[in-house]
Amino acid sequence: MALQIYISGKFYDKENAKISVYDHGLLYGDGVFEGMRSYSGKVFRMKEHIDRLYESANAICLSIPMSKADMEAAVYETLTKNGLIDAYIRLVVTRGAGSLGLDPNQTSDPQIIIIADSIKLYPAEFYDKGLKIVTASTIRNHPAAFSPRVKSLNYLNNIMAKIEGLRAGCIEAVMLNHKGEVAECTGDNIFIVKHGVLMTPPKDAGILEGITRNAILDLAKSHGITAFEQTMTRHDLYVADECFLTGSAAEVIPVVDIDGRTISGGKVGPITEKLIAAFKELVRK
Ligand code: PXG
């Protein structure tokens with residue numbers, strides 16, 4: 001059976017799952033989304049993802065025409081319909097179809113799309129050997145322009161940084177904020193370890209407050225690892241003892257080279273290893 005895609009209350013075969021070319025989600029990137037994971041049939045930190053989706057929607061003055069409880073039920077229905085247990089779930093809410101022109105008041109029917117598909121992680125070798133990443137010259141969205149805390153359908157900034165990374169032979173790239181401080185990667189948050197202490201840029205560095213990031217901060221505490229939010233520069237990355245990235249799709253992935261500087265002796269560090277194991281255990285629970 002073809003993959004079943006949920007669109008606003010109905011299921012469609014993958015090849016027939018379509019929305020209007022007048023949808024402002026397409027025309028202007030006017031919409032919000034979430035990416036989450038299910039493990040053994042249970043969605044990891046579903047409430048946090050749904051809350052962030054509704055917060056993102058509220059920030060762009062988009063009212064989602066569905067309750068949070070119904071949204072959660074629709075996510076599980078999509079998983080069940082596709083017989084998926086361990087899956088990646090993409091939730092998208094668009095402004096809906098309207099007339100040409102920016103005016104959101106000329107749109108109607110926000111579209112709710114749920115895609116549950118098999119998991120696409122980075123190639124397995126990177127989890128063992130670690131990633132090489134570079135700093136992109138494209139900075140993260142200026143918080144005074146449009147908050148990077150909104151998970152909107154406007155990802156071009158990050159895509160430009162991703163292209164820079166790919167052209168340098170890297171599958172992820174570090175993005176700085178408008179002050180030149182480390183913000184995050186194009187689709188992942190960043191952590192470093194220095195002298196046994198775990199650090200990650202603060203929310204006000206202009207980042208998406210990742211749900212995996214928060215899970216790692218909690219895990220560090222419960223495993224006796226000192227962890228805090230810390231403003232950092234590229235230099236802090238270069239002299240770090242360990243570095244790793246977090247995201248719903250990536251989970252926890254080690255970094256061993258940043259802009260040509262070897263981190264952690266080119267091997268996965270001990271605290272990174274400990275947290276990878278702790279995260280695996282957490283999602284299995
Ligand atoms: N920063 C950015 C900019 C992100 O987009 C994260 C951090 C990690 O957040 P979570 O809550 O997932 O721990 C993200 C989210 C994909 C994909 O399909 C992944 C993300 C965004 C868009 C697409 O690989 N990661």
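All values below come from the heavy atoms of this structure, side chains included, with hydrogens, waters and symmetry mates left out. Because the structure is predicted, anything quoted here is derived from the model rather than measured. Just follow the structure's listing: the first ligand is 1, and inside any ligand the first atom is 1.
- For D257 (side chain) and K132 (main-chain N/O), no donor-acceptor pair under 3.5 Å exists by modelled atom type.
- No continuous path of ILVMFWY side-chain contacts below 4.5 Å connects I139 to M160, so the two sit in separate hydrophobic clusters.
- In this view, F44 and F279 satisfy the ring-ring contact (aromatic ring centres under 6.0 Å, His included) rule, not counting sequence neighbours.
- Under 4.0 Å from any atom of ligand 1, one finds heavy atoms of residues F33, R52, Y88, R90, R140, K151, Y155, N158, E184, T186, G187, D188, N189, L208, G210, I211, T212, T246, G247, S248, A249.
- When the shell of 6.0 Å around CD of E281 is examined, it contains 12 or fewer heavy atoms from other residues, nucleotides or ligands.
- A cation-pi arrangement is present between K81 and F11 under the rule of less than 6.0 angstrom and at most 45 degrees off the ring axis.
- Listed for the R37 side chain is no donor-acceptor partner under 3.5 Å among the backbone atoms of D86.
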